[in-house]
Each structure stands twice: as C-alpha cells, then as structure tokens.
Amino acid sequence: MRKVYTPATAANGVEHVLKLLEGRWKLIILFHLFDGKVQRYSDLEKLIPGISQKMLAQQLRQLEADGIVARKIYPQVPPKVEYRLTPWGQALCPALDAMLKWAEQKDDFPSPEPAS
C-alpha cells in the first residue's frame with residue numbers, strides 16, 4: 001500500500017532522498033553503475049578523473065551503507081572488489097532520468113559537454 005503524504009512529510013521524504021545522493025561524486029559513481037554494470041574499484045578510479053582514492057572509498061562506503069550499492073569481495077591476492085547497484089539503487093535510474101528531462105525544459109539549461 002502506498003504511503004499517503006502531506007506537503008510536510010513529502011518535503012521531508014524528498015529532502016532525505018537528496019541527502020542520500022549529496023556529495024560531489026555520488027551521482028557520477030551511480031551513472032557508471034546503471035544498467036547492471038559491475039565495476040571494480042580500480043575501474044571506477046579510471047572512469048572518474050579527479051577523484052581521490054580516499055573520496056572514492058568514502059562515497060562508495062556511504063552508498064553501500066545506504067543500501068544503494070553492493071560490494072563483493074573475492075578472497076584472492078591481490079584482493080578483488082566489485083561494486084554494483086542493488087535493485088533499490090537500480091530503481092533510482094528512472095527518477096534521475098526524469099529529473100534530467102525536467103531540467104531540459106528550461107531554455108538556458110546547459111548542454112552536456114562532449115565526451116573526450
């Protein structure tokens with residue numbers, strides 16, 4: 001059964017969701033994991049120029065603690081660690097896509113930078 005929200009509880013709920021996603025790198029990490037992609041830690045480092053190892057580890061830990069990202073550790077030397085979205089994390093994709101489409105309706109919304 002779907003929850004019934006008042007304006008105040010709806011605003012609180014959305015604020016909580018935005019706090020889950022806040023952080024300079026979280027959305028970039030998520031977009032690299034959408035569509036069932038599995039990435040190793042070292043691959044994410046390469047895919048996200050400018051992120052430090054400390055920040056990547058911190059953001060991944062927060063996403064994992066919040067149930068958005070799952071981490072799998074393989075017992076081998078050197079250690080192999082893979083990250084993927086949980087089903088709940090994957091369900092976030094349409095919401096983020098809808099936000100992007102909403103933003104594009106504004107005339108002065110910036111165009112995406114060409115891939116380099």
Side-chain angles (χ1 to χ4, degrees):
M1 178 177 200
R2 185 176 158 99
K3 292 182 182 181
V4 177
Y5 292 96
T6 66
T9 59
N12 286 338
V14 170
E15 184 177 5
H16 179 73
V17 169
L18 293 175
K19 284 183 181 182
L20 290 175
L21 301 176
E22 76 181 357
R24 179 174 178 190
W25 305 102
K26 284 184 181 178
L27 289 173
I28 296 171
I29 292 168
L30 292 176
F31 277 97
H32 282 294
L33 295 173
F34 279 143
D35 296 327
K37 292 181 184 149
V38 177
Q39 300 285 357
R40 293 181 66 175
Y41 182 89
S42 59
D43 294 333
L44 286 169
E45 268 187 307
K46 291 173 194 163
L47 289 168
I48 307 171
I51 192 168
S52 68
Q53 288 182 344
K54 178 184 175 185
M55 186 56 64
L56 178 57
Q58 180 183 2
Q59 301 278 272
L60 285 166
R61 274 195 303 272
Q62 288 173 0
L63 289 166
E64 183 183 12
D66 291 333
I68 298 169
V69 169
R71 177 177 66 159
K72 183 172 183 179
I73 303 170
Y74 293 89
Q76 64 186 48
V77 177
K80 178 182 173 184
V81 181
E82 291 181 340
Y83 295 90
R84 70 172 35 94
L85 292 177
T86 63
W88 188 59
Q90 189 64 44
L92 183 58
C93 185
L96 294 177
D97 192 45
M99 288 175 65
L100 188 57
K101 286 181 177 144
W102 168 77
E104 288 173 353
Q105 295 175 23
K106 193 166 188 291
D107 290 337
D108 60 348
F109 185 70
S111 298
E113 296 291 323
S116 45

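Each residue takes its place number in the sequence, starting with 1.
Put simply, Leu20 and Tyr5 are part of two different groups of oily side chains (I, L, V, M, F, W, Y) that touch within less than 4.5 Å, one to the next. Follow the hydrophobic side-chain contacts under 4.5 Å out from Ile29 and you reach Met99 in the same cluster.
For the salt bridge (charged side-chain N to carboxylate O under 4.0 Å, His left out) condition, no pair includes a residue of residues 30-59, sequence neighbours left out.
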Which pairs would a plain distance check flag for residues 100-107, meaning a side-chain donor or acceptor within less than 3.5 Å of a matching protein atom at least two apart in sequence or in another chain?
unit_1 : atom_1 : unit_2 : atom_2 : d
Lys101 : NZ     : Asp97  : OD2    : 3.0
Lys106 : NZ     : Asp108 : OD1    : 2.6
Lys106 : NZ     : Asp108 : OD2    : 3.2

Distance-only donor-acceptor hits, side chain of residues 64-79, under 3.5 Å, sequence neighbours excluded:
unit_1 : atom_1 : unit_2 : atom_2 : d
Tyr74  : OH     : Glu82  : OE1    : 2.9

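Through chains of ILVMFWY side-chain contacts below 4.5 Å, Val14 is grouped with Leu18. Taking Ile, Leu, Val, Met, Phe, Trp and Tyr as hydrophobic and joining them when side-chain heavy atoms fall under 4.5 Å apart, one finds Val38 isolated, its cluster having no other members.
Residues Leu96 and Leu21 come closest through the heavy atom pair CD2-CD1, 4.3 Å. Residue Leu33 comes nearest to Gln39 through the heavy atom pair CD2-CG, 3.6 Å, listed as atom of the first residue, atom of the second, then distance.
For Ser42, there are no side chain to side chain donor-acceptor pair (under 3.5 Å) partners at least two apart in sequence or on another chain.
Leu63 CG to Gln58 CD: the interatomic distance, rounded to the nearest 0.5 Å, is 10.5 Å. Rounded to the nearest 0.5 angstrom, Trp25 CH2 and His32 NE2 are separated by 10.0 Å. Distance check: Gln59 CD to Ile51 CD1 gives 6.0 Å after rounding to the nearest 0.5 Å. Rounded to the nearest 0.5 Å, atoms CD (Glu22) and CD (Glu15) are 9.5 Å apart.
In this structure the side chain of Leu85 never reaches within 4.5 angstrom of the side chain of Leu92, judged on heavy atoms.
Proximity of a side-chain donor or acceptor of Tyr41 to a complementary backbone N or O of Tyr83 within less than 3.5 Å is not detected.
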